[in-house]
Every structure is written in C-alpha cells, then in structure tokens.
Amino acid sequence: FEDLIRQNTISQTLSLAVDSKRLSHAYLFSGLRGSGKTSTARIMAKALLCQNGPTSHPCEVCENCLSAKVFIMDEVHMLTTQAFNALLKTLEEPPAFVKFILATTDALKLPATILSRTQHFRFNKISQSDVVHHLSHILNIENIEFEKDALEILARSGQGSLRDTLTLLDQAIIFSK
C-alpha cells in the first residue's frame, strides 16, 4: 500500500483495516483513469489472501499472492441494470470467504443500492510534481538519463493519469533512443 502514489489516506485506511481485520465485504474505488484504482485492487487482493495474512505487507511469493482469488470488477459502471440487480443479491448476503472490489471512473452511474453496500474510496488526481518524482525514480532505477523539463512536459500531458504518463514516457524513451 505504501507504493501507491498520492493516495495516502486510502493507503493508510486500507492498511489499518487489513491489519486490524476490520474488513468490509465490498469496496468501491472511484476516480480518474490511471489514479491507482485497479493497482490498489490487486494489492488489496494480495493483502487479503496472503498466507501470512491478512496483512498490509503481503509476501508477493506465496501461491495466494500470485493468484489473488478476489472478485475485482473493473469499470463496474458499465454493468446493465439486470447485472446490478444480480450483483446486489450477492452484496446483500455475501459468503464469508468472498471479497468484492469494484472500480469505476464514474461512481455516479452506480445505483444507490450498490453504493450503500460498499465502502467507497475516492482516488485523488495525482499531482504533476508526484508524477515527475515517480518518473525520475523509475528512470534512475533503469539508469536512463533525462531532463527534468522533459518529465514535466510528460506529466502535464498525462493530466493526472499515471498510467497515461508512463505510456508517454515509454514512447519518449523509444523516440530518443
């Protein structure tokens, strides 16, 4: 969880929930594309299923961490009314061993009945300075030279989406040889 960029409150809350075993049966992660919703869902799945856990620091090597058998529903706002109704029945009476993590860029499209049965975490837009810092970190690890001004242009172009900015960074690396 500590690797999440610009999501300190969410990271801390989820870590504490896992470590104190005060877990909900369903979570909803919403926010701008590339803000870390799906990455957080994968981390949460590992945290819940790790053989050493549940733990906020999954081992990343056990069979459970590698397979992470938790229901992650990305772009959940795209479900039909009928699909939401079917999901609602399971959310109302979930089996004890099942955890749902729903992710969406548009939480307003979810029915109130679904929203009321999840713990909702709203992801922040990642600041340009945090994106630049993360890109510098990656490039230093990869031993690739860069100009800070170029990273700031990439971060600005990514408009708060780390995923989009990383795609632009890959293109810039290729283009600049």
Side-chain angles (χ1 to χ4, degrees), residues 1-20 22-50 54-58 60 65 68-81 83-84 87-88 90-91 94 98-138 151-172:
F1 289 106
E2 64 271 2
D3 292 337
L4 294 173
I5 298 169
R6 188 77 167 108
Q7 307 302 342
N8 299 342
T9 303
I10 292 169
S11 176
Q12 181 178 3
T13 303
L14 292 175
S15 292
L16 291 170
V18 170
D19 289 340
S20 66
R22 296 185 57 86
L23 299 166
S24 176
H25 67 283
Y27 296 89
L28 172 62
F29 299 162
S30 67
L32 179 74
R33 71 183 191 288
S35 61
K37 299 177 301 294
T38 306
S39 295
T40 303
R42 289 187 188 113
I43 294 166
M44 187 70 169
K46 291 177 185 180
L48 292 170
L49 297 174
C50 181
T55 175
S56 62
H57 294 90
E60 301 280 352
C65 280
K69 298 165 193 142
V70 167
F71 289 99
I72 299 172
M73 301 176 74
D74 204 357
E75 300 301 337
V76 72
H77 65 273
M78 301 292 285
L79 293 178
T80 63
T81 301
F84 276 126
L87 176 61
L88 180 60
T90 306
L91 290 178
V98 173
K99 301 294 181 200
F100 291 92
I101 302 174
L102 316 178
T104 182
T105 53
D106 194 351
L108 296 176
K109 289 187 178 175
L110 274 66
T113 52
I114 298 291
L115 291 170
S116 68
R117 287 162 178 83
T118 61
Q119 285 192 14
H120 189 173
F121 292 86
R122 292 166 183 85
F123 283 64
N124 298 317
K125 181 178 181 178
I126 301 172
S127 73
Q128 185 173 323
S129 62
D130 287 336
V131 172
V132 168
H133 181 265
H134 187 65
L135 296 180
S136 322
H137 176 72
I138 291 169
L151 298 186
E152 289 177 3
I153 291 169
L154 292 173
R156 201 169 35 253
S157 299
Q159 299 177 336
S161 169
L162 186 57
R163 182 181 50 233
D164 290 356
T165 306
L166 289 171
T167 299
L168 292 171
L169 177 65
D170 285 339
Q171 291 172 348

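Atom set for the values below is all heavy atoms of this structure, side chains included, hydrogens, waters and symmetry mates excluded.
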Exercise. If every non-hydrogen atom of Phe1 is compared with every non-hydrogen atom of Ser56, which pair is closest and at what distance?
Worked result: CD1-O, 3.7 Å
Problem set entry | Minimum-distance pair of heavy atoms, taken over all atoms of Leu91 and Pro94 | O-CD, 3.4 Å
Exercise. Taking side chain as C-beta onward, heavy atoms only, is Leu135 less than 4.5 Å from Leu166?
Worked result: yes
Problem set entry | Distance-minimising heavy-atom pair for Leu32 and Lys37 | O-NZ, 3.0 Å
For this session: Go through the steps to decide whether Leu79 and Met73 satisfy the test side-chain contact (heavy atoms from CB on, under 4.5 Å), and finish with yes or no.
Result: CA-CA 10 Å; Leu79 293 178; Met73 301 176 74; 3.8 Å; yes
For this session: Mark yes or no for whether Ser11, through its side chain, and Gln7, through its backbone, hold a donor-acceptor pair below 3.5 Å.
Result: no
Exercise. For the atom pair OG1 (Thr81) and CG (Leu88), what is the distance rounded to the nearest 0.5 Å?
Worked result: 12.0 Å
Exercise. Are any of the side-chain heavy atoms of Lys99 and Leu49 separated by less than 4.5 Å?
Worked result: no
Exercise. Do Thr55 and Asp19 come within less than 4.5 Å of each other through their side chains, counting heavy atoms only?
Worked result: yes
For this session: Verify, without hydrogens or angle tests, whether Ser161 (side chain) and Gly158 (backbone) share a donor-acceptor contact under 3.5 angstrom.
Result: no
Problem set entry | Stepwise side-chain contact (heavy atoms from CB on, under 4.5 Å) check, Thr38 with Arg42 | CA-CA 6 Å; Thr38 306; Arg42 289 187 188 113; 3.6 Å; yes
For this session: Please indicate whether His120 has more than 12 foreign heavy atoms, meaning atoms of other residues, nucleotides or ligands, lying under 6.0 Å from its NE2.
Result: yes
For this session: In sequence, state the C-alpha distance, the side-chain angles, and the governing distance for Lys109 and Thr104, and then conclude on side-chain contact (heavy atoms from CB on, under 4.5 Å).
Result: CA-CA 9 Å; Lys109 289 187 178 175; Thr104 182; over 6 Å; no
Problem set entry | Other residues, nucleotides, ligands: >12 heavy atoms within 6.0 Å of Glu75 CD | yes
For this session: May I ask you to test the Glu2-His57 pair for a side-chain heavy-atom distance under 4.5 Å?
Result: yes
Exercise. Should we say atom NE2 of His77 is surrounded by more than 12 heavy atoms from elsewhere, each under 6.0 Å from it?
Worked result: yes
Problem set entry | Leu162 side, atom CG; Thr167 side, atom OG1 - distance, nearest 0.5 Å | 9.5 Å
For this session: Taking the side chain as every heavy atom from C-beta outward, state whether Phe100 and Val76 have any pair of such atoms under 4.5 Å apart.
Result: no
Exercise. Less than 4.5 Å apart, any side-chain heavy atom of Met44 and any of Val18?
Worked result: yes
Problem set entry | Phe121 side chain near Leu14 side chain, heavy-atom distance below 4.5 Å | yes
Exercise. Can you name the nearest heavy-atom pair linking Glu60 to Cys65, along with the distance?
Worked result: N-SG, 3.5 Å
For this session: Specify the closest pair of heavy atoms between Asn124 and Ser35, including all atoms of both residues, with the distance to one decimal.
Result: O-CB, 3.7 Å
Exercise. Nearest heavy-atom pair of Glu152 and Gln128: which atoms, and what distance?
Worked result: O-NE2, 3.5 Å
Exercise. Can you tell me if CZ on Phe84 sees more than 12 non-hydrogen neighbours from other groups inside 6.0 Å?
Worked result: yes
Exercise. Looking at side-chain heavy atoms only, is the closest gap between Thr165 and Ile126 below 4.5 Å?
Worked result: no
Exercise. Should the pair Phe29 and Tyr27 be assigned to parallel (<30°), tilted (30 to 60°) or perpendicular (>60°) ring geometry?
Worked result: tilted
Seminar exercise, completed: The reported gap from CZ in Arg156 to CG in Leu168 (rounded to nearest 0.5 angstrom) is 12.0 Å
Exercise. Hey, what do you get for CD1 (Ile101) to OG (Ser24), rounding to the nearest 0.5 Å?
Worked result: 10.0 Å
For this session: Could you grab the distance from atom CG of Leu28 to atom CZ of Arg117, nearest 0.5 Å is fine?
Result: 13.5 Å
For this session: State the CG-CG distance between Leu108 and Leu115, to the nearest 0.5 angstrom.
Result: 8.5 Å
